[in-house]
Amino acid sequence: MSLFSTTEIHVPDSVISYRTEFATGLSCRISPFRGTRGINTGAAPPSYNYEDPTCPFCRSRIFSSTRGFSDGDWITKGESVTFPNLYPFADRHTVTVITEAHMVESFTSDQLSDALIGSAQSLQDYPGYPSIHWNFLPSAGASLLHPHLQGIADRKPASLCKLYLEASARTASGDYWEIVVDEEAGGPRHLFGEEIFWYANPVPIGECEIRGILPIRRIDEFFSLTESLGRDIARIISLYRSFGSYAFNMGIFFQKTCTSGFDGMCAFCTMIARINPNSGSISDSAFMERICREPVVMTLPEDICKKAGL
Ligand SMILES: [Zn+2]
């Protein structure tokens, strides 16, 4: 039983694949030939500038340029510092600065795990839908270069989360995620992971989308998993780099906090590769993504294992 439909059309030099995920109606089109244009040539940012005198997140300024929580404190865990977003777009919106350094060449599992803990701590008492996100590099939407997570929580789920809650509600067992794991396990898109099940999403919402299904549902269960997740995220970042992509977006969704019992949501993490920073401000989000709301990607999910040498 496939969880998505595929229609292929042949155009000169190429095959375009249209895919739709049955459970959510999400669709995308995949055009591997576009990947041969060689547009994504931008480089990684330099990693040597320890302090940027204009950066509010650099360590000598972070506690004066940001405000603590209502108790007057910041959440600190390892190198990470978490505080309320001064310019929120969610009922609870926090920022977690991951590293002391303004930019690092690579992230350690511990840096990521500590930052995930800080972000989750800032969201866990909010009675709603929490999620943790990361825009890495300006071409992925980061307004500040200094690596930082954003935690958001609202009474209503974000659109993507809502689609899967509805999908689970329509599933006989009430758990759509179980079906996804059954379908993807051992298949051509199954990547790796023991505790967390990682696979290339067959109907990607962005370039080289990799999803991890976590063996938990609520954010208060997350703390025992951050070590594995930090390690796996570091692995996916290096995998993207081996493909030539430095910028990415990440999201981790949880079920509603304070729901007694199971609401159909399994915690999951998604990562998508983004175009590298480039001098012409060329974007990889254009009319298809922003107006038609149907992403165009260049990598077949079935090719990600091969490309990664897995
Ligand atoms: Zn900085």
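Atoms within a ligand are numbered from 1 in the order they appear, just like the ligands themselves. Keep in mind the model is a prediction, meaning the values are calculated, not measured.
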Start with the C-alpha distance between Phe136 and Met271, add both sets of side-chain angles, then the distance that settles side chain to side chain contact (heavy atoms under 4.5 Å, CB included), and finish with yes or no. CA-CA 11 Å; Phe136 182 63; Met271 292 182 72; over 6 Å; no
Tell me, with the steps shown, if Asp125 and Arg92 meet salt bridge (Lys or Arg N to Asp or Glu O under 4.0 Å). CA-CA 10 Å; Asp125 66 342; Arg92 173 83 55 92; 2.8 Å; yes
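For the side chain to side chain contact (heavy atoms under 4.5 Å, CB included) test with Ser139, the passing option among Ser281, Pro277, Ser283, Ser285 is Pro277; the others fail.
Any protein N/O/S atom under 2.8 Å from the Zn ion (ligand 1) was counted, giving 4 altogether.
Between Tyr18 and Phe4, the distance separating the two ring centers is not shorter than 6.0 angstrom. In this structure, the ring of Phe268 has its center no less than 6.0 angstrom from the ring center of Trp198.
Val181 and Leu191 fall into different hydrophobic clusters, where Ile, Leu, Val, Met, Phe, Trp and Tyr residues are linked whenever their side-chain heavy atoms come under 4.5 Å apart, directly or through other members.
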